[in-house]
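Atoms within each ligand, like the ligands themselves, are counted from 1 in listed order.
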Amino acid sequence: MPQLAGFPRFSLDATSTPIQPLEKLSRYLGGANIFVKRDDVHWIGGGGNKLRKLEFLIGQACKERADVVITVGGKQSNHARLTAAAAARAGLKCELVLSRMVDRDDEDYTRNGNVLIDRLFGATIHDLAEGVDPVAFAQDRINELETNGSRVFFCPLGGSSPIGCLGYVNGYYEIAQQEKEAGFRFKQILMANGSGGMQAGLLAGAAISDGDFTRIRGFTVLSDESEARANTLAKLRETALLLAADSDFPESAVQIRADQLGSGYGLPTEQAIEAIALVASKEAILLDPVYSGKAFAGLIEDIRTGELARGSNVLFILSGGVTSLSAYRRQLVR
Ligand SMILES: Cc1ncc(COP(=O)(O)O)c(C=O)c1O
C-alpha cells in the first residue's frame, strides 16, 4: 500500500494471512457463509493480531534506536506476549507492566497461558498489585531506565497507537486484494474490539480506499458501547491524520456492539464457551475465551436471528489468543 511506504517496519511475517471458508459450520448454522481471516496463524510468538501492529511499532522503536520496549496490559495479555516475542526477534529488551484487569489470582491465571510464554521470551515482568496505575508505573520505570542510559520505546495498551493501527490499514488493503481475487465482497467484516486499534486500522484502511465503513463491525470485549465507540473513533481519526488523510469521521463510522461483553473483560460468557466448543468441534479451529470467542458468539447470534441472511458472505477476523486457553481451563472444560 503506497500510503504506508514511508513508515519504518520490522518484518514479523505478520501479513498475507489466508481467508478460509468455514463450510461445515456454515451448513450447520444454516445462515450466512462464514469465512475467517487467519490472523491467528503466524510463524512468530504464537501468532495473533498484535503482530501486524508490532511490525510498525518495532520498526519505529528501531528507528529511534531504542534498546528497551515497555508495554502495559492485563496479566493474560496477548499483546504483552507478542511484544515480548517481537522484541526478542529484534534483539531488544522487553519489560511488561501487567496489571490486575481481571479479579483472579489462581495459579492457572497468574502462571499459565500467556504469562508462562512471556517468561520464555525473556521479558521482565512487573506484576502489579491491585490499584497500582500501570501507565504511571511504566512512566516511572521509563524515567529510571533512561536515567541509567537506556533508550526506551513505549507501546500503549494493545499496541493501539496510530503507528500500531497502521498494521490494520494494511490488513484492510490485504482483504480488499483477496476480495478482488475471489470475485466477491464481504457483506460484513466482524471482529473483537479491545483497545480498538484493529477496528480503527481497518476503518482507516477503508477510508483511504473504498470508503465502505458500515460493513466493519466490532464486538466490544473491554468497555461499554459508548466508551468503545469513542475510543475507536479517536484512534481512527488519529490514524487518518498520521496518513495525512481526511480525519473528519462521524460517530456512525464506527459500528460497535456490547451484547457479547457479559460481566466484563476477561470473564467468558456461556455464549463464548459454546462458540469455542462449536468452532473447535466442527472446524478444528481454536478461538480464545477473551476476544474471538465472544465476538464469534455475536456472529452466531446474528445468524440465528436472521440478521446475517442465508447466502450472504461474512468475514470474521480470527485474531488469535489461543495461548490463553490454559489459563481458562476450569471455565472451558467442566
Ligand atoms: C486475540 C485478540 N483478539 C482481538 C483483540 C482486540 O484487538 P484491539 O485491541 O486492537 O481492539 C486482541 C487485543 O488484545 C486480542 O489479543
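Those atoms of ligand 1 with a heavy atom of G197 less than 4.0 angstrom away are 8 (P), 10 (O), 11 (O). Every atom of ligand 1 is numbered from 1 in the order shown, and the set under 4.0 Å from a heavy atom of N193 is 11 (O).
Contact between G48 and ligand 1 is absent, with no heavy atom of the residue lying under 4.0 Å from the ligand. Distances shorter than 4.0 angstrom occur between a heavy atom of G321 and an atom of ligand 1. In this structure, S292 does not count as a contact residue of ligand 1, since none of its heavy atoms falls inside 4.0 Å of the ligand. Remark: distances from the non-hydrogen atoms of M191 to ligand 1 are all 4.0 Å or more.
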Using the rule given for salt bridge (charged side-chain N to carboxylate O under 4.0 Å, His left out), can you reason through K75 versus D127, listing the C-alpha separation, both sets of side-chain angles and the distance that settles it, and then say yes or no?
CA-CA 8 Å; K75 282 203 172 35; D127 192 359; 2.8 Å; yes
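Distance from atom 3 (N) of ligand 1 to its nearest protein heavy atom, with residue and atom name: S319 OG, 2.6 Å. Among all protein heavy atoms, the one lying closest to atom 14 (O) of ligand 1 is K50 CE, 3.0 Å. Scanning the protein heavy atoms around atom 7 (O) of ligand 1, the nearest turns out to be N49 ND2, 3.1 Å. Looking only at protein heavy atoms, the nearest one to atom 10 (O) of ligand 1 is K53 NZ, 2.5 Å. Distance from atom 9 (O) of ligand 1 to its nearest protein heavy atom, with residue and atom name: S195 OG, 2.5 Å. Nearest to atom 1 (C) of ligand 1 among the protein's heavy atoms is G320 O, 3.1 Å.
For the pair R52 and Y168, the cation-pi test (distance below 6.0 Å, angle within 45°) is passed. For R104 and Y328, the positive end sits near the middle of the six-membered ring, less than 6.0 Å away and at most 45° from its axis.
The side-chain contact (heavy atoms from CB on, under 4.5 Å) with L190 is formed by just one residue from the set L308, L315, I216; it is L308.
The aromatic rings of F296 and F316 stand perpendicular to each other, their planes meeting at an angle above 60°, with 30° marking the opposite boundary.
When all heavy atoms are compared, the tightest approach of A80 to L96 is O-CD2, 3.6 Å.
Of all the heavy atoms of Q199, none lies under 4.0 Å from any atom of ligand 1, so neither backbone nor side chain is involved. By the criterion of a heavy-atom distance under 4.0 Å, both the backbone and the side chain of M198 are placed next to ligand 1. Proximity of D40 to ligand 1, defined as any heavy-atom pair under 4.0 Å, is not found for any part of the residue.
Checked by atom type and distance alone, the side chain of E55 pairs as donor or acceptor with a backbone atom of A14 at under 3.5 Å. Checked by atom type and distance alone, the side chain of D13 never pairs as donor or acceptor with a backbone atom of H42 at under 3.5 Å.
With respect to the salt-bridge test (charged N to carboxylate O, under 4.0 angstrom), the residues E144 and R141 qualify. Using a cut-off of 4.0 Å between Lys/Arg side-chain N and Asp/Glu carboxylate O, R185 and D210 are scored as salt-bridged. With respect to the salt-bridge test (charged N to carboxylate O, under 4.0 angstrom), the residues E307 and R257 do not qualify.
At least one N or O atom of G196, backbone or side chain, sits closer than 3.5 Å to an N or O atom of ligand 1. Ligand 1 has no nitrogen or oxygen under 3.5 angstrom from a nitrogen or oxygen of H79.
Across L222, N78, D39, heavy-atom proximity to atom 16 (O) of ligand 1 is greatest for N78.
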